[in-house]
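First the structure, in the form of structure tokens, and then the observations on it.
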Amino acid sequence: MSTETKSLNFLEHIIEEDLANGLAKDKLRFRFPPEPNGYLHIGHTKAIGISFGLGEKYNAPVNLRFDDTNPAKEEQEYVDAIKEDVSWLGYKWAEERYSSDYFQELYDWAILLIKDGKAYIDSQSSQAMAEQKGTPTQPGVDGPYRNRTVEENLDIFAKMKAGECNEGEHILRAKIDMQHVNMLMRDPIMYRVLKKDHHRTGSDWCIYPMYDWTHGESDYIEQVSHSLCSLEFKPHRELYDWFKEQVHGFAKDKYPMQPKQREFARLNLSYTIMSKRKLLKLVEEGIVSGWNDPRMPTISGLRRRGYTPQSIRKFVETVGVAKRDNLIDVSLLEFCIREDLNKKADRVMAVLDPIKVVITNYPEDKEEWLEAENNQEDASAGFRKVPFSRELYIEKEDFKVEASNKFFRLKLGGEVRLKNAYIIKAESVVKDTEGNVTEINCTYSEDTEKKVKGTLHWVSIKHAIKAEVREYDRLFTDEAPDSHADKDFMEFINPKSLKTIEAFVEPSLADAKIGEQFQFQRLGYFNLDIESTANKLVFNKTVGLKDSWAKVKPKTATDNQQKQPQNNKRSAIDQIKSYGKKYDRMQDDQREKAKAEIQELAKNVSYEDLESLFGTAVKKAGTRIITMISLGVLIENGLEKNEAINDFISKALDDKNDLLVAEAKALA
RNA sequence: UGGCCUAUGGUGUAACUGGUAACACGUCAGUUUUUGGUACUGAAGAGUCUAGGUUCGAGACCUAGUGGGCCAACCA
């Protein structure tokens, strides 16, 4: 039954292989290592899901480690927020650790490294050091302090630690190789002087270790078996291993296992950004109301917006993990939250854009409390009462004076069901001086068994509560606002990402609790925002319902930004080649179209491009056919036949593929 | 004039040591429905960036090319 074995991702393959090669299962250990310099976002969720997910899968401990080596940027506030977010997602860490826990051990090892002649004090300006470092295409050169004596190095390093040196005066670097192809191996910095108080160690230290020196050794101290990080750290792996081997030489008895760093592609989500720095800018410039603005891709923003931990975990699980760059469509995230809320959220009625309906044959002073099912997906959700009376609101969009029979809603002379109530018929309308409908007069029928095409949601005007509803649109107008070399992401800010609506909701919502989630029937999922008060209800729209009616309706201009097939940025010859792959398998009419397309493309192809295809293997008939077609175009445009061409044609004439023969005959 | 990583339907991920491309989202159609939602059924959509090679057989292995990404902070 549920024995279906899910295929493994590449990280699981690595772990399985290590296990098969003798790694004991109880030695597996992972970690999630955020720097406490900002709030966690949906991108981190992937990293969290991978490491904690592996922990759950293999029943291995996962540490939450704060990578707190830069007191200039880090704060306790962020530590607290990160812990809250990870817990909220439902993950439990084995131990809460801090890189700063290891400052002393790191320092001791650094001294051993100096004694081994593997590290030295450099006393140049950062600029001078940068110049000596070279570039990715040019090797670096050794600096003047590279061969200081061990004694001098030890002496200065002690002074640095004692606070006797100013920032920028001296740094400690590893002595590796200034000519190394990997820039990170060109004597990387291990320690700098930073006269700043640390949120945990206070003023104990005035030298702080750099990332590369700290991170790997923290993994090592914690005996993490697999240290998983994103792709941009791939070049760091070589240095990670170098440091690890040095330190292992000092401490193999205490710490027997050497961790292994592996890298995966980070998550990118369409129409948003994932950089902490850029998110901070949105906050600082007031584009959003804070880190937890419901439009933000932060975990706290998503939480406030109404996303559930389950939906986010499901999302991370479905996007998977690999090493190629990706851009995931927000529709997948939306699918995950809809799927979750469909089962959990009670249904209620709310009208966001009202128009008045008067039931003329319903007594003026009468009111009824009708029974309504809370959630048809969940029998245990029970029922509630909703009030019905003579005057109601329905959505403006749900009424048209005249409409085709594809319009299942209310039209003059037509009948429609009011959800949980009666069937009504529109008899006449009241219009204002400009001709806009302001009121619809209807009659009702108590026969609720009747078949009618549409069902509308509604609220009784007398009983309805006014509420503020906030509807959100994507924060950016560009699919990947982050990825334009020539444009700043701020240029793509969507000015209409927030829409505030005055809505009318059914009275049962009066005692909704902060964060509680509802489906406003036929509209979408909403939750009660933290800014809501007893006097003023405020709802966030989490996500709309899937709306297949919207697709039938004539589209607005903004919806119509159709995606261009991306192959038009490929060169003509490449496009022709891709036709070659399938040409001989196409059906006749498709093939004719393809041929016309190839002939058009061939006008932009050089003979040299084509000639390189003359040697194509005999079995690849399609490629040779498209080559022949393109050649025909070039010849028509004045290309002289040469030996290579004649040879190519005569070989084709003898081929067993009829299509190829036909094309060749045309040129012979 | 470098090094490393990467390339599979529109998107994301699969395909165990080579055996003829699967799953999810999205799209389209139908059935059910007191939500144009949900559920259910079905369909279309890639021959795996290009070329060459190894092989009886290549998405997978090798070579070259092309496209994309990463690498020069006293950041992580």
Side-chain angles (χ1 to χ4, degrees), chain A residues 5-9 13 16 33-35 37 67 69-70 72-74 122 126 129-130 133-140 167-168 170-171 173 180-184 186 189 191-194 208 210-212 214-215 231-238 263 265 270 276 318-329 331-332 334-336 338-339 342-343 347 349 373 376-377 406-409 417-421 423 448 452-457 519 521-524 545-552 563 565-566 569-571 573-574 577-578 580-582 585 612-613 615-617 620 623:
Chain A
T5 46
K6 266 215 288 192
S7 54
L8 306 178
N9 64 45
H13 277 298
E16 290 294 335
E35 182 189 11
N37 69 341
D67 224 343
T69 58
N70 185 1
K73 292 209 266 175
E74 295 149 8
D122 201 332
S126 59
M129 285 172 51
K133 200 161 188 182
T135 68
T137 53
Q138 280 175 306
E167 289 185 16
H170 305 287
I171 50 110
R173 341 174 47 166
H180 203 287
V181 279
N182 184 347
M183 301 263 321
L184 287 157
R186 324 239 258 231
I189 297 176
Y191 279 93
R192 77 286 212 190
V193 173
L194 232 40
Y208 290 93
M210 300 287 287
Y211 166 83
D212 285 295
T214 312
H215 195 95
L231 237 35
E232 65 267 33
F233 291 98
K234 176 68 217 283
H236 292 253
R237 186 149 115 197
E238 201 170 10
E263 310 81 12
S270 62
K276 277 191 207 168
T318 25
V319 298
V321 51
K323 288 170 83 167
R324 70 185 92 110
D325 291 311
N326 58 75
L327 180 60
I328 290 152
D329 202 293
S331 66
L332 185 61
E334 292 177 349
F335 163 78
C336 293
R338 279 196 198 104
E339 190 193 36
N342 176 46
K343 284 177 251 139
R347 300 258 130 173
M349 294 197 284
E373 192 175 13
Q376 47 276 79
E377 305 291 323
K406 273 191 165 172
F407 184 76
F408 301 165
R409 310 176 182 190
R417 180 188 304 280
L418 293 179
K419 179 84 187 171
N420 306 314
I423 287 172
T448 57
V452 289
K453 211 62 183 289
T455 302
L456 306 184
H457 61 276
Q519 184 194 96
Q521 261 177 136
R522 303 211 302 134
L523 296 174
L545 254 27
K546 216 173 138 184
D547 186 358
S548 40
W549 167 241
K551 289 174 194 159
V552 181
K563 282 187 198 168
Q566 65 202 118
K569 64 180 173 195
R570 289 165 55 196
S571 68
I573 188 70
D574 279 348
K577 279 184 196 167
S578 67
K581 278 263 175 186
K582 48 197 167 188
R585 275 189 306 270
S612 66
L613 295 177
T616 301
K620 296 191 177 172
T623 302

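Please read these numbers as outputs of a predicted model, since none were measured by experiment. Every chain is numbered from 1 and lettered A, B, ... according to where its sequence line falls, protein lines coming before strand lines.
Remark: His13(A) is not in phosphate contact with U17(B), judged by side-chain N or O atoms under 4.0 Å from OP1 or OP2. Contact annotation: Thr69(A) side-chain N/O to A76(B) OP1/OP2 distance is under 4.0 Å. For Lys551(A), a side-chain nitrogen or oxygen approaches OP1 or OP2 of C28(B) to under 4.0 Å. Dashed line: the shortest gap from a side-chain N or O of Thr455(A) to OP1 or OP2 of G36(B) is not under 4.0 Å. OP1 and OP2 of G12(B) both lie 4.0 Å or more from every side-chain N or O belonging to Arg324(A). The phosphate of A73(B) (OP1 or OP2) has no side-chain N or O of Arg192(A) nearer than 4.0 angstrom. Distances shown here put a side-chain N or O of Lys323(A) below 4.0 Å from the OP1 or OP2 atom of U6(B). Within the 4.0 Å cut-off from OP1 or OP2 of G36(B), not a single side-chain nitrogen or oxygen of Arg409(A) is found.
Residue Leu327(A) is in sugar-phosphate contact alone, with no base atom involved, counting any heavy-atom pair closer than 4.0 Å across all strands shown. Within 4.0 Å of Asn182(A), counting heavy atoms only, lies no atom of the nucleic acid at all. When heavy atoms are screened at a 4.0 angstrom cut-off, Ala130(A) is found touching no nucleic acid atom at all. Within the 4.0 angstrom heavy-atom criterion, no nucleotide atom of any strand lies near Lys276(A). In this structure, Asn37(A) reaches neither bases nor backbone, as no heavy-atom distance under 4.0 Å exists between it and the strands shown. Using a 4.0 Å heavy-atom cutoff across all strands shown, Thr135(A) reaches at least one base atom of the nucleic acid. No contact: Leu184(A) has no heavy atom under 4.0 Å from any strand. Residue-level contact check: Phe233(A) touches the bases, meaning some heavy atom is under 4.0 Å from a base atom.
Counting distance only, with no hydrogens placed and no angle test, the side-chain atoms of Glu377(A) and the base atoms of G37(B) include a donor-acceptor pair under 3.5 Å. Interface remark: the Arg347(A) side chain does not form any donor-acceptor pair with the U38(B) base, using a distance-only criterion of under 3.5 Å.
By the criterion of a centre-to-centre distance under 5.5 Å and near-parallel planes under 30°, the ring of Phe335(A) forms no stack with the base of G26(B).
On the P atoms, C16(B) is 43 Å away from U32(B), given to the nearest whole Å. Rounded to the nearest Å, the gap between the C1' atom of U8(B) and that of A22(B) is 11 Å. For the C1' atoms, the distance from A43(B) to U6(B) is 33 Å, rounded to whole Å. Nucleotides A7(B) and U50(B) place their P atoms 14 Å apart, quoted to the nearest Å.
Ranking A14(B), G36(B), C71(B) by closeness to the Asn9(A) side chain, first place goes to A14(B). Distance from the side chain of Gln376(A) is smallest for G37(B) among the nucleotides G37(B), G12(B), A76(B). If you check U35(B), G36(B), C70(B) against the side chain of Gln521(A), the one that comes closest is U35(B).
Atom CD of Glu167(A) and atom C1' of C74(B) are 9 Å apart (whole Å). Rounded to whole Å, the distance from CG on Leu332(A) to P on U27(B) is 12 Å. With rounding to whole Å, Glu334(A) atom CD is found 10 Å from G26(B) atom P. Atom-to-atom, CD of Gln519(A) to P of U38(B) comes out at 10 Å; the value is rounded to the nearest Å. We find that CG of Leu545(A) is positioned 9 Å from P of G36(B), with the value rounded to whole Å. Atoms CG (Asp325(A)) and P (C70(B)) sit 7 Å apart, rounded to a whole Å. In this structure, Asp329(A) places its CG atom 10 Å from P of U11(B), rounding to the nearest Å.
Within the 4.5 Å cutoff, side-chain heavy atoms of Glu167(A) are placed close to those of Leu194(A).
Nearest-nucleotide mapping onto RNA chain B: of Pro34(A) and Leu8(A), the residue sitting toward the 5' end is Leu8(A). Summary of the strand contacts: Trp549(A) and Glu35(A) both lie near RNA chain B, and taking for each the nucleotide with the nearest heavy atom, the more 5' one is attributed to Trp549(A).
A 3.5 Å limit on both hydrogen-bonding distances identifies no Watson-Crick or G-U partner for U20(B). In this entry A51(B) has U63(B) as its Watson-Crick or G-U wobble partner, both defining distances falling under 3.5 Å. Across the strands present, U1(B) finds no partner; the criterion is a Watson-Crick or G-U wobble pair with both atom distances under 3.5 angstrom. Pairing for A39(B) is with U31(B), a Watson-Crick or G-U wobble pair whose two hydrogen-bonding atom distances lie under 3.5 Å.
Nearest heavy atoms, Lys276(A) versus Asn37(A): NZ-OD1, 2.6 Å.
Using cut-offs of 30° and 60° for the angle between ring planes, the His236(A) and Tyr211(A) rings count as perpendicular.
Nucleotide G47(B) is shown with a syn base, its glycosidic torsion being within 90° of 0.
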